[in-house]
Number of protein chains: 2
Amino acid sequence: MRDPIPLDLARLRRSCSECALGFLCLPAGVDAEDMARLDAVVRKRRPLARGGTLYRPGDALRSLYVASEGSFKTVVVSAEGEEHVLGFHLPGELFGLDAVGSGQHRCQAIALTDALVCELPFARLTEIAADLPSLQQQLLRVIGQSADRDHDHVDVLTRRQAGERIALFLQGLRERLTRIGRHGDEFQLPMSRDEIARYLGLALETVSRGFSRLQDDGVIEVHGRRVRILDPEALRRAASGGDCQGSSATRACDRA
Amino acid sequence: MRDPIPLDLARLRRSCSECALGFLCLPAGVDAEDMARLDAVVRKRRPLARGGTLYRPGDALRSLYVASEGSFKTVVVSAEGEEHVLGFHLPGELFGLDAVGSGQHRCQAIALTDALVCELPFARLTEIAADLPSLQQQLLRVIGQSADRDHDHVDVLTRRQAGERIALFLQGLRERLTRIGRHGDEFQLPMSRDEIARYLGLALETVSRGFSRLQDDGVIEVHGRRVRILDPEALRRAASGGDCQGSSATRACDRA
DNA sequence: CGCTGCGTTGACTTTTGTCAAGATTGGTGG
DNA sequence: CCACCAATCTTGACAAAAGTCAACGCAGCG
């Protein structure tokens with residue numbers, strides 16, 4: 001049985017030129033000439049096998065990265081050897097910014113699946129940005145969006161209920177998948193329960209139970225890494241602590 | 001009894017021209033002429049009373065900010081009315097970047113103490129950066145450092161032991177205070193236990209108990225918001241899960 | 001000098017982590 | 001094509017940690 005996700009559309013939208021333009025040049029007008037100039041800079045579609053490392057702590061800032069195919073995680077390993085997941089990076093999302101502050105990478109980027117990565121040499125990028133104001137704007141905006149994702153992550157992590165964190169995680173994934181032109185309501189998780197747990201600051205068993213609970217409540221359907229969101233509204237409620245202990249999916253909180 | 005922190009040195013380093021230059025122009029060579037140009041752009045030392053709001057969600061991106069005096073917090077209020085603290089911003093640390101991604105602020109910035117804020121109009125900043133490469137570099141670097149702080153925050157939040165989070169919080173504060181030329185080993189917290197709790201994703205009682213525990217263990221000395229770090233090495237150990245249940249400060253983990 | 005807001009501490013409850021045992025899944029090689 | 005293996009996921013029982021509720025202490029302020 002082969003992967004049944006409808007990839008046709010998504011695959012098209014992720015051709016490299018579409019990708020580079022799609023994320024760096026969205027609203028602003030960058031003409032064809034400029035585009036060509038940018039395209040020339042981008043080192044295209046470097047392949048990386050699942051589990052492969054793109055960069056590690058201490059590596060000098062060389063490039064920023066966008067996967068055109070496949071997803072990544074960025075992790076740090078604490079003194080005690082615990083792995084903390086700082087972020088998941090879906091196709092089309094810029095990452096590698098962790099080296100911009102100090103000139104060196106602070107974490108390790110690992111492919112969650114076989115992947116193709118577009119590499120954007122940082123020096124070239126800033127060089128071009130200097131005499132291409134619209135690109136400078138876009139670069140800043142994209143960096144800002146990356147910071148927004150970090151803030152979302154922090155916001156999730158400050159929730160004290162495991163159920164809320166898990167629901168928010170799924171909801172966030174749904175939004176991001178939709179944004180990159182994929183189905184947000186039915187998808188394959190690129191990461192393991194353990195990785196989700198390390199991203200959410202929970203034990204992996206707690207994540208597993210959380211998924212089961214949402215399934216029992218009729219909010220989602222899970223088979224391993226395959227997830228379908230059945231009731232987005234209920235998911236939203238679960239994410240807002242609207243727990244209510246009940247098993248009925250559609251029942252609103254009795255109080256109120 | 002008046003505030004006994006030795007502020008002389010720190011106060012000097014935070015004069016506005018020193019501030020603007022100190023953080024935007026650190027290593028790169030920016031000549032006096034360029035400096036003057038920058039200085040002209042920075043709107044200086046706007047005063048804000050404790051509890052005052054600098055911007056709120058939905059506000060258009062106008063400026064980036066640096067406090068020359070006083071500290072800030074950035075918060076989001078969740079659907080249920082819970083306040084989550086996304087960051088604390090010490091004097092000399094750039095904030096306000098949460099609007100760069102979307103053009104609108106996503107959180108609220110509130111003064112923790114009476115404060116003086118330097119305002120850096122964003123449009124002007126990028127304008128100047130476009131024909132001043134060294135400033136562009138610095139701007140990116142400073143933005144990167146801000147992202148680094150967010151990553152540190154995430155890293156703290158993914159720890160599952162409250163004691164570790166609290167120790168890491170104090171250690172991070174120590175480092176940041178030192179970096180801005182203040183005493184890292186004896187300081188006054190600008191925020192309440194409740195705010196620390198909302199930053200760390202804990203109950204305020206847990207934070208209070210964590211402080212008491214560190215004090216009992218001889219690691220720190222606390223009187224309300226006044227903190228003295230007695231044993232940095234023990235603090236580091238506490239931050240790395242080196243808990244050992246014991247009460248003796250210097251005793252290493254018995255195993256090992 | 002008594003408020004009032006913050007911080008601390010204790011007793012108890014709830015949630016989550018831990019340990020351990022199965023169940024599934026996916027991949028590999030016979 | 002099937003069987004087996006390893007990795008991953010799920011579930012249960014129990015222990016530990018953190019949250020909640022509540023009372024008290026303390027300091028700064030009017």
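In what follows, every heavy atom counts, from backbone to side chain, and hydrogens, waters and symmetry copies are set aside. We name chains A, B, ... by the order of the sequence lines, and we start the count at 1 in each one. None of these values were measured; they are calculated from a predicted model.
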Side-chain N,O (Thr206(B)) to OP1/OP2 (dG19(D)) below 4.0 Å: yes
Does a distance-only test, which skips hydrogens and angles, find a donor-acceptor pair under 3.5 Å between the side chain of Glu205(A) and the base of dC9(D)? no
Hey, is the side chain of Arg209(A) poking within less than 4.0 Å of OP1 or OP2 on dT16(C), counting only N and O atoms? no
Within less than 4.0 Å of OP1 or OP2 of dT11(D), is there a side-chain N or O belonging to Ser212(A)? yes
Given dC6(C), dT15(C), dT8(D), the nucleotide with the shortest approach to the side chain of Arg225(B): dC6(C)
Arg160(B) side chain near dT18(C) phosphate (N/O to OP1/OP2, under 4.0 Å): yes
Is a donor on one side and an acceptor on the other found under 3.5 Å between the side chain of Arg165(B) and the backbone of Leu200(B)? yes
Main chain of Val222(A), side chain of Gln215(A): is a donor-acceptor contact present, judged purely on distance under 3.5 Å? yes
Ignoring backbone atoms, establish whether Ser192(B) has a side-chain N or O less than 4.0 Å from OP1 or OP2 of dC6(C). no
Could you state the atom-to-atom distance from CG of Leu200(B) to P of dG19(D) in whole Å? 10 Å
If you look at every strand shown and take non-hydrogen atoms under 4.0 Å, does Leu204(B) touch a base, only sugar-phosphate, or nothing? base
Side chain of Arg160(B), backbone of Leu202(A): donor and acceptor closer than 3.5 Å? yes
Return whichever of His223(A) or Asp194(B) has its heavy-atom-nearest nucleotide of DNA chain C closer to the 5' end. Asp194(B)
